[in-house]
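Beneath this line is the structure, given in structure tokens, with notes to follow.
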Amino acid sequence: MKYILIIGSTGQIGSELTMALRSGYGNSNVVAGYIKGAEPKGELLESGPSEEADITNSEQIAGIVKKYKIDTIYNMAALLSAVAEAKPQLAWKIGLGGLFNILEIAAEMRCAVFTPSSIGAFGADTPKKNTPQDTVQRPQTMYGVTKVAGELLSDYYFKRFGVDTRSVRYPGLISHVTPPGGGTTDYAVEIFYSAVRGEVFKSPVSAGTFMDMMYMPDALCAAISLMEADPAKLVHRNSFNITSMSFDPEMLKSAICKYVPDFRMEYEIDPVRQAIADSWPDSMDDSCARKEWGWSPKYNLDSMTENMLEEIRKKRVQR
Ligand code: AKB
């Protein structure tokens, strides 16, 4: 991995992943791909090259791969679960049509490809607790359909054309840098801003709704370490279960109350997000990732909560 293109570099994961890759591989070797209307700004723009890279435009992406002699593509373009339910056609176009474009380019130009999957690749028929690596995957959301199909398509390109495709099933990602947009797990980010502002937080999912979650530094580390892993040790490729913690809104509230004792939460259930969350695992078994490429998260609920509050306080967020 020497010359890297990130598709979706200004998104929730992409913005931090681009900076992490630049610090590891050199600023000029990591191209920040963006779409019109979501141009990079500040450090992301100034620290290295950036190019318009619309995943639905094969020629544009192929041109960038040629120009920078790209050998690794991080494909971070996607609509998150709740938005994908509102715009299923666009979710398919970006999630599956876009992935197909990337895999075709990768096969022709010999690039490795990382494409995140998600806990959304599971469905209501999947075992909910300690969800195995290899199990039933029958999601009933467009997000989930694109994620399962994306896993299969990536494995197909590996087996058929030798494209070095790798992927993790991300849980809900929590970060204080770039906000998520339209996910089911977004509440676990928004709650911290409410706590720092001294507001009452309205949880869109009910008490007892458990989902896997992860702090962004661990999520970045997962993507980079998997792409650097010895291929001979990979039994799986697309995609690995990974998790750091599993909690419901009450557990997260209690963790916050340790640092913000008067924090209050109420419930205002969003039926779309609740239905999606109910179909996802409560907690995944990530032992294959641990065994095959040494996955091991650093943050747990308490250390993540402490760091999130500290970082958001530094931003001096206003009511
Ligand atoms: C979402 O909630 O849609 C994402 C995910 C878990 O894939 N954060």
Side-chain angles (χ1 to χ4, degrees), residues 6 8-24 27 30 32 34 38-48 74 76 80 116 118-119 168 170-205 211-225 242-265 295-319:
I6 293 117
S9 72
T10 59
Q12 190 204 10
I13 311 175
S15 57
E16 291 186 63
L17 182 63
T18 306
M19 296 313 296
L21 287 166
R22 281 183 177 162
S23 82
N27 286 349
V30 180
Y34 61 88
E39 288 80 4
K41 295 190 189 91
E43 207 190 4
L44 195 57
L45 175 68
E46 282 143 27
S47 59
Y74 282 83
M76 312 311 287
L80 291 185
S118 157
I119 50 175
V168 294
Y170 276 133
L173 297 182
I174 298 164
S175 155
H176 54 84
V177 179
T178 307
T184 302
T185 58
D186 294 9
Y187 90 89
V189 175
E190 288 151 7
I191 193 170
F192 287 99
Y193 287 86
S194 292
V196 170
R197 287 190 190 111
E199 291 168 358
V200 177
F201 180 68
K202 301 221 166 45
S203 174
V205 295
M211 287 183 277
D212 285 293
M213 300 277 178
M214 184 178 293
Y215 201 29
M216 190 59 87
D218 282 327
L220 304 180
C221 190
I224 298 171
S225 356
I242 54 165
T243 184
S244 302
M245 56 192 105
S246 164
F247 56 72
D248 81 328
E250 290 295 320
M251 273 177 76
L252 181 54
K253 182 195 159 219
S254 302
I256 292 173
C257 280
K258 207 171 138 191
Y259 302 95
V260 188
D262 55 357
F263 173 59
R264 284 182 49 225
M265 181 173 77
W295 159 245
S296 173
K298 292 192 177 55
Y299 286 88
N300 60 23
L301 176 56
D302 188 53
S303 52
M304 177 272 290
T305 301
E306 187 181 14
N307 196 253
M308 273 295 277
L309 291 169
E310 199 180 300
E311 293 297 330
I312 294 170
R313 278 190 190 117
K314 284 188 205 156
K315 295 185 188 201
R316 301 188 185 282
V317 293
Q318 304 292 328
R319 230 179 222 268

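In what follows, every heavy atom counts, from backbone to side chain, and hydrogens, waters and symmetry copies are set aside.
- A 4.5 Å side-chain heavy-atom check between Tyr170 and Ile119 finds every atom pair outside the cut-off.
- Counting all heavy atoms, side chain and backbone alike, Ala20 lies closest to Ile224 at CB-CD1, 4.0 Å.
- For the residue pair Lys315 / Tyr193, a side-chain donor-acceptor distance below 3.5 Å is found, with atom types taken as modelled.
- Phe247 has its side chain within reach of Met213: a pair of non-hydrogen atoms, C-beta onward, lies under 4.5 Å apart.
- For Tyr299 and Asn307, the side-chain atoms include no donor-acceptor pair closer than 3.5 Å.
- A heavy-atom distance below 4.5 Å is found between the side chains of Met265 and Pro249.
- Although no hydrogens or angles enter the test, the distance criterion places no donor-acceptor pair under 3.5 Å between the side chain of Thr305 and the main chain of Ala255.
- Side chain of Arg264 to backbone of Val200: no donor-acceptor contact under 3.5 angstrom is found.
- Distance CD1/Ile6 to CG/Leu17: 5.5 Å, rounded to 0.5 Å.
- One side chain, Ser175 or Glu16, offers a donor N or O that lies under 3.5 Å from an acceptor on the other.
- By the side-chain hydrogen bond (donor to acceptor under 3.5 Å, both in side chains) test, Ser9 pairs with no residue at all, sequence neighbours left out.
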Practice item. Determine, stepwise, if the pair Leu301 / Met304 fulfils side-chain contact (heavy atoms from CB on, under 4.5 Å). Key: CA-CA 5 Å; Leu301 176 56; Met304 177 272 290; 3.9 Å; yes
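- The shortest distance between side-chain heavy atoms of Cys221 and Ser225 falls below 4.5 Å.
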Practice item. Show your working on side-chain contact (heavy atoms from CB on, under 4.5 Å) between Lys258 and Asp302 and close with a plain yes or no. Key: CA-CA 9 Å; Lys258 207 171 138 191; Asp302 188 53; 3.1 Å; yes
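- Scanning all heavy atoms of the two residues, the minimum distance from Thr178 to Ser15 falls at OG1-OG, 2.7 Å.
- Here the closest heavy-atom approach between residue Met76 and residue Gly8 is recorded as CB-O, 4.1 Å.
- Shown here for Arg22 and Glu43, the closest heavy-atom pair between the two residues is NH1-O, 4.4 Å.
- For Leu173 against Ile13, the heavy-atom pair with the smallest separation is CD1-CD1, 3.5 Å.
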Review point. Does the pair Trp295 and Ser244 meet the rule for a side-chain contact (heavy atoms from CB on, under 4.5 Å), with working shown?
Key: CA-CA 10 Å; Trp295 159 245; Ser244 302; 4.2 Å; yes
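- A salt bridge is absent between Arg313 and Glu310; no separation between the charged side-chain nitrogens and carboxylate oxygens falls under 4.0 Å.
- Note that CG of Leu252 is 4.0 Å distant from CD1 of Ile256, once rounded to the nearest 0.5 Å.
- No donor-acceptor pair under 3.5 Å is formed between the side chain of Asp212 and the backbone N or O of Ser246.
- By the 4.5 Å heavy-atom criterion applied to side chains, Val196 and Phe263 are not counted as neighbours.
- A heavy-atom distance below 4.5 Å is found between the side chains of Leu80 and Pro180.
- With hydrogens and angles disregarded, no donor-acceptor distance shorter than 3.5 Å links the side chain of Asp218 to the backbone of Tyr215.
- Across all non-hydrogen atoms, the minimal contact from Met245 to Met214 is CE-CA, 4.3 Å.
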